[in-house]
There are 2 protein chains.
Amino acid sequence: MARATTPTRPPGRPRSGVDDVVFAATLRTVHELGYARATVDRIAAAAGIAKTTIYRRWPSKGALITACLVDAFGPAPLTGATREEILASAIRWAAAKIGEPGIGAAFAGVFTDAVSDPALRRILATELQDPYRLALQEALGEPEHRVLFFIDVVVGSLLHRMGMTGEPMIDDDVDALVDMVLRVLDRT
Amino acid sequence: MARATTPTRPPGRPRSGVDDVVFAATLRTVHELGYARATVDRIAAAAGIAKTTIYRRWPSKGALITACLVDAFGPAPLTGATREEILASAIRWAAAKIGEPGIGAAFAGVFTDAVSDPALRRILATELQDPYRLALQEALGEPEHRVLFFIDVVVGSLLHRMGMTGEPMIDDDVDALVDMVLRVLDRT
DNA sequence: CTAGTATCGATACTTCGAGTAGCGTAATAC
DNA sequence: GTATTACGCTACTCGAAGTATCGATACTAG
């Protein structure tokens with residue numbers, strides 16, 4: 001997610017474009033060592049840069065992980081002809097992403113940190129959740145509180161499974177999740 | 001949860017029965033300061049005992065919080081004439097408990113810690129989840145994987161709401177959660 | 001009442017990770 | 001060249017988990 005080169009480049013040495021390297025190193029480290037043992041020192045070492053460089057770009061470990069997740073999730077692929085198809089594809093997409101190596105553990109980790117950290121909670125809500133929430137409100141024509149409920153159910157279920165078992169939710173249960181939420185959507 | 005006085009009391013000074021005091025101090029501290037700032041030192045001070053006494057009884061902060069939650073949740077009140085009524089009452093009970101001051105934050109906190117700590121995850125699954133899972137399997141006549149799915153959905157949704165907003169789920173959404181899960185139960 | 005045992009409180013300590021400070025160096029614009 | 005900003009590096013502060021030790025205390029057994 002390189003910053004667009006503005007016509008008026010600011011003075012001084014430009015930042016090296018190592019964001020993607022750091023993100024990859026972050027997910028790899030979290031995947032291999034778990035969230036708690038994935039210290040900023042270790043992530044920096046895995047990325048081959050200095051720890052201070054990380055703190056020059058992201059103000060905290062939580063912010064780093066959040067930025068990493070925003071990058072990893074990317075834009076919402078809301079595909080489908082009907083509202084049902086759109087919501088179903090979004091749920092399957094979320095399940096697949098959270099199941100990728102490192103992403104689920106990183107997500108559960110920041111989520112946990114956010115519980116006791118209102119500032120991080122705001123970052124998480126604004127940077128990560130809001131884009132998908134707004135896109136879903138638009139695509140489904142549903143009010144905010146209803147989309148928030150869907151997100152609580154889907155993301156909460158996926159993270160709870162990941163947190164309690166250390167493994168992503170199996171496909172059969174993702175199917176059940178899709179069926180369950182679609183049934184709620186239908187009953188408008 | 002005082003230990004039953006066995007006929008053959010072991011030698012030495014008996015433990016002071018301060019478990020309940022510690023549990024109350026734990027929930028109060030977590031409620032007032034949040035999970036991260038609820039250090040063992042502060043919890044001990046709030047309980048009026050030494051930190052070392054806490055570590056003589058529970059091997060880690062996570063184990064203390066888990067024991068506190070086991071005590072706070074208590075036995076599962078699976079009441080109701082039909083399977084639907086039993087499951088509905090269980091969901092509402094879980095929502096009410098997680099909404100109590102300190103409990104939701106403590107739950108989300110240990111849950112987070114457990115993600116990166118397999119030992120704590122085992123304690124959490126064995127001590128806190130298994131009793132309710134087994135009772136639900138028995139009461140509902142449903143297989144393990146299905147009850148586990150219900151637990152993922154219900155607890156995951158409630159914790160996600162708690163974690164993202166800092167506030168427990170409102171009654172309207174708990175109603176929606178009950179409706180949604182019951183609909184899955186019916187479709188056997 | 002005394003001996004034995006195990007818990008308590010208190011203090012000090014070790015360990016480790018988040019985040020900061022300072023400095024010399026490298027890369028760019030002018 | 002100079003100015004400016006990012007980099008790597010080292011060293012540091014701070015806070016919290018968990019440990020070690022020791023004198024004092026509360027029991028039981030005789």
Side-chain angles (χ1 to χ4, degrees), chain A residues 2-3 5-19 21-22 25-26 29-30 33-68 106 109-110 112-114 116-117 119-120 123, chain B residues 2-3 5-19 21-22 25-26 29-30 33-68 106 109-110 112-114 116-117 119-120 123:
Chain A
R3 187 184 319 88
T5 306
T6 55
T8 61
R9 171 195 284 281
R13 174 176 176 171
R15 287 195 163 176
S16 55
V18 292
D19 286 27
V21 177
V22 175
T26 301
T29 307
V30 170
L33 303 178
Y35 185 80
R37 295 182 58 201
T39 66
V40 177
D41 282 278
R42 278 191 255 259
I43 291 172
I49 64 171
K51 179 172 74 161
T52 45
T53 300
I54 288 185
Y55 279 103
R56 276 189 203 99
R57 297 172 185 229
W58 300 279
S60 66
K61 177 180 175 179
L64 164 63
I65 306 275
T66 304
C68 182
V110 263
T112 298
D113 283 357
S116 321
D117 185 342
L120 179 56
I123 294 178
Chain B
R3 189 188 314 90
T5 307
T6 55
T8 61
R9 172 195 284 280
R13 174 176 176 170
R15 287 194 164 176
S16 55
V18 291
D19 287 26
V21 177
V22 175
T26 301
T29 307
V30 170
L33 303 178
Y35 185 80
R37 295 182 57 201
T39 67
V40 177
D41 282 278
R42 278 192 255 260
I43 291 172
I49 65 171
K51 178 172 74 160
T52 45
T53 300
I54 288 185
Y55 279 103
R56 275 189 205 101
R57 298 172 185 228
W58 300 280
S60 67
K61 177 180 175 179
L64 164 64
I65 306 275
T66 304
C68 183
V110 264
T112 298
D113 283 357
S116 320
D117 184 344
L120 178 57
I123 295 178

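Chain letters run A, B, ... following the sequence lines, proteins first, then strands; residues in each count from 1.
- Applying the side-chain contact (heavy atoms from CB on, under 4.5 Å) test to B/A25 and every residue at least two apart in sequence or in another chain returns B/R28, B/A46, B/A47.
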Return a table of donor-acceptor pairs under 3.5 angstrom between the side chains of residues 36-45 of chain A and protein atoms on other chains or two or more places apart.
unit_1	atom_1	unit_2	atom_2	d
A/T39	OG1	A/R42	N	3.2
A/R42	NE	A/R37	O	2.8

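- Between the P atom of C/dG17 and the CG atom of A/L64 lies a distance of 16 Å, rounded to the nearest Å.
- We find that CZ of A/R57 is positioned 18 Å from C1' of C/dG19, with the value rounded to whole Å.
- Across the protein-nucleic acid pair, A/I54 atom CD1 and C/dA18 atom C1' stand 12 Å apart, rounded to whole Å.
- With sequence neighbours excluded, the residues that form a side-chain contact (heavy atoms from CB on, under 4.5 Å) with B/S60 are B/A63.
- Scanning both residues, B/A67 and B/W58, for their nearest heavy atoms gives CB-NE1, 3.5 Å.
- The CZ atom of A/R15 sits 18 Å away from the P atom of D/dT4 (whole-angstrom rounding).
- The shortest side-chain heavy-atom distance between A/V18 and A/R57 falls under the 4.5 Å cut-off.
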Quick one, give me the B/S/- string for nucleotides 16-26 of chain D, reading 5' to 3', where B means a protein heavy atom under 4.0 Å from the base and S means that only happens at the primed atoms, P, OP1 or OP2. SSBBB----BB
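- Legend: residues meeting side-chain contact (heavy atoms from CB on, under 4.5 Å) with B/A119, ordered by chain and number and at least two apart, are B/D117.
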